[in-house]
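Just so you know, ligand 1 is whichever comes first in the structure, and atom 1 is the first atom listed for that ligand.
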Amino acid sequence: TKAHDYTKYNNWATINDWVISISSANADLISRQVIGNTYEGRPMHLLQIGKKTSSAKPAIFMDCGFHAREWITHAFCQWFIKEAVSTYGSDPEMTNLLDRMDFFVLPVFNIDGYEYTWTKDRMWRKTRSRNSGSSCIGTDPNRNFDAGWCTTGASSNPCSETYCGSSIESEIESKNLANFIRSNKSIIKSYLTIHSYSQMLLFPYSYKYDLAAHHSELVLFAVAYAIAALRSLYGTRYTSGPGAVTIYPSAGGSDDWAYDLGVKYSYTFELRDEGRYGFLLPESQIKPTCEETMLSVKYIANHVLNNP
Ligand SMILES: NCCCCC[C@@H](C[SeH])C(=O)O
Ligand SMILES: [Zn+2]
Ligand SMILES: [Zn+2]
Ligand SMILES: [Zn+2]
């Protein structure tokens with residue numbers, strides 16, 4: 001496999017080897033587990049990052065690579081893990097976070113789709129599961145969760161890019177993630193799902209226009225300050241708001257599902273850019289994108305820690 005490089009897009013084999021080596025090399029801060037396999041049998045590695053303690057700490061769950069073509073998101077999860085282990089002990093904010101919380105990081109959710117973007121179709125979005133009765137392949141995993149499933153902004157046509165799947169959690173990847181979060185919901189206080197592109201910080205709901213119960217807190221504090229923190233580095237401008245009105249109505253999203261499960265701080269990031277390069281964001285923008293996004297993720301983590 002090719003050498004891993006945080007400032008380049010790495011293929012899955014390279015990412016997977018890196019996941020194993022970085023967790024083995026930092027056993028004091030990282031523990032690794034497999035939450036299940038993908039449709040094509042690839043292991044979904046989850047890294048738990050934080051100082052080891054005897055009692056369970058509050059946790060934040062973050063996933064990248066829901067949609068295969070959104071390569072900047074895979075790069076961000078790798079960047080986050082690197083920043084966490086390399087600044088623990090030197091950066092007071094990160095040290096405090098890792099001492100008092102855990103981050104569950106799923107570097108690549110849709111592994112099969114990601115591989116496919118490297119080998120066959122760079123613009124692939126969905127999973128790679130076979131749809132019975134159709135020659136069209138894959139389900140949109142961000143329409144596959146139990147949150148107004150398939151009622152709006154999703155399609156029941158297997159050939160659609162937003163196909164909601166044959167049933168709720170029809171995708172083994174969705175099932176694996178939902179099972180992990182369900183069985184750890186007592187400690188998971190925040191869910192961050194990283195997408196691209198549009199430069200937005202979105203929160204529930206997308207499957208209806210009602211405001212989330214914690215709307216005021218989500219809007220006025222965590223979100224406004226989080227995008228201000230992001231902008232402070234390079235001036236990158238984000239918009240924010242409930243998904244339905246800020247981007248488009250869409251049902252079956254993992255963020256809405258996590259929120260309704262009780263994970264109050266549930267956000268969808270849409271990283272750079274605004275369309276100039278879109279999903280084909282140049283590697284030269286990996287570092288700045290990741291550095292600015294780190295600031296907003298750390299802000300949210302601090303908010304969660306201080307507002308349980
Ligand atoms: N749960 C829906 C959040 C808003 C839409 C997010 C975008 C990411 Se590409 C989508 O899944 O269409
Ligand atoms: Zn996406
Ligand atoms: Zn997107
Ligand atoms: Zn509150």
Side-chain angles (χ1 to χ4, degrees), residues 61-77 106-114 116-117 121-127 138-155 160-165 168-169 171 173-174 177-178 181 190-212 215 218-219 223 227 238-261 263-281 289 293:
F61 187 101
M62 179 165 74
D63 58 51
C64 292
F66 241 72
H67 292 131
R69 63 191 178 194
E70 300 168 9
W71 283 15
I72 186 59
T73 73
H74 311 68
F76 176 67
C77 269
L106 184 64
V108 186
F109 171 87
N110 177 8
I111 308 168
D112 300 347
Y114 187 57
Y116 196 72
T117 60
D121 177 357
R122 175 69 181 79
M123 293 303 280
W124 191 258
R125 169 181 167 98
K126 303 192 288 180
T127 63
T139 286
D140 182 348
N142 214 23
R143 303 295 184 276
N144 194 230
F145 288 80
D146 190 6
W149 183 73
C150 226
T151 56
T152 182
S155 168
S160 166
E161 287 283 51
T162 58
Y163 177 46
C164 58
I168 289 166
E169 293 174 22
E171 304 311 290
E173 295 87 351
S174 307
L177 183 140
I181 293 178
S190 178
Y191 173 68
L192 309 178
T193 185
I194 316 298
H195 289 257
S196 77
Y197 62 88
S198 293
Q199 294 175 201
M200 293 177 173
L201 184 48
L202 305 166
F203 51 86
Y205 289 102
S206 293
Y207 74 82
K208 62 182 175 180
Y209 287 106
D210 303 14
L211 293 181
H215 183 70
L218 287 176
V219 168
V223 168
I227 60 179
Y238 268 56
T239 55
S240 62
V245 291
T246 309
I247 188 166
Y248 35 64
S250 64
S254 58
D255 57 352
D256 286 355
W257 169 79
Y259 183 82
D260 282 340
L261 188 73
V263 181
K264 184 167 66 176
Y265 297 101
S266 182
Y267 300 107
T268 295
F269 278 81
E270 285 268 42
L271 302 185
R272 290 192 192 182
D273 62 11
E274 293 183 292
R276 174 148 186 239
Y277 296 103
F279 303 116
L280 310 182
L281 196 69
T289 302
T293 309

Run the numbers for me: atoms of ligand 1, each under 4.0 Å from some heavy atom of [X], listed by number.
X	answer
Glu270	7 (C), 8 (C), 9 (Se)
Arg143	10 (C), 11 (O), 12 (O)
Ser250	2 (C)
Ile247	4 (C)
His195	8 (C), 9 (Se)
Arg125	9 (Se), 10 (C), 11 (O), 12 (O)
His67	9 (Se), 11 (O)
Gly253	1 (N)

Nearest-0.5 Å distance, [atom1] of residue [X] to [atom2] of residue [Y]:
X	Y	atom1	atom2	result
Cys150	Asp140	SG	CG	10.0 Å
Phe76	Thr289	CZ	OG1	10.0 Å
Ser266	Phe61	OG	CZ	11.5 Å
Ile227	Thr239	CD1	OG1	7.0 Å
Leu261	Tyr191	CG	OH	11.5 Å
Ile168	Asp146	CD1	CG	3.5 Å

Min heavy-atom dist [X] to ligand 1 below 4.0 Å:
X	answer
Ser206	yes
Leu202	yes
Tyr248	yes

Could you identify the single nearest non-hydrogen protein atom to [atom] and state the distance to 0.1 Å?
atom	value
atom 11 (O) of ligand 1	Asn142 ND2, 2.8 Å
atom 9 (Se) of ligand 1	Glu70 OE2, 3.2 Å
atom 1 (N) of ligand 1	Asp255 OD1, 2.6 Å

Only residue of Arg143, Arg125, Arg69 satisfying salt bridge (Lys or Arg N to Asp or Glu O under 4.0 Å) with Glu161 is Arg69
Could you walk me through whether Asn144 and Thr139 satisfy the side-chain hydrogen bond (donor to acceptor under 3.5 Å, both in side chains) test, starting with their C-alpha distance in whole Å, then the side-chain angles of each, then the deciding distance to 0.1 Å, before giving a yes or no? CA-CA 8 Å; Asn144 194 230; Thr139 286; 5.3 Å; no
Side-chain donor-acceptor distances from residues 195-203 under 3.5 Å, at least two apart:
{"from": "His195", "atom 1": "ND1", "to": "His67", "atom 2": "ND1", "distance (Å)": "3.1"}
{"from": "His195", "atom 1": "ND1", "to": "Glu70", "atom 2": "OE1", "distance (Å)": "3.2"}
{"from": "Gln199", "atom 1": "NE2", "to": "Arg237", "atom 2": "O", "distance (Å)": "2.9"}

Using a heavy-atom cut-off of under 4.0 Å, does the side chain or the backbone of Asp140 touch ligand 1, or both, or neither? neither
When you look for heavy atoms under 4.0 Å from ligand 1, do you find them on the side chain of Glu161, its backbone, both, or neither? neither
At a cut-off of 2.8 Å, list the protein N/O/S atoms near the Zn ion (ligand 3), residue plus atom name. Ser196 O, Glu270 OE1, Glu270 OE2
Under the criterion ring-ring contact (aromatic ring centres under 6.0 Å, His included), I'd like the reasoning laid out for Trp124 against Tyr114: C-alpha separation, chi angles, the key distance, then a yes or no. CA-CA 8 Å; Trp124 191 258; Tyr114 187 57; over 10 Å; no
Please check if the side chain of [X] supplies one atom and the backbone of [Y] the other of a donor-acceptor pair under 3.5 Å.
X	Y	value
Ser190	Tyr265	yes
Arg122	Phe279	yes
Lys126	Ser160	yes

For residues Thr151 and Tyr207, is any side-chain donor paired with an opposing acceptor at under 3.5 Å? no
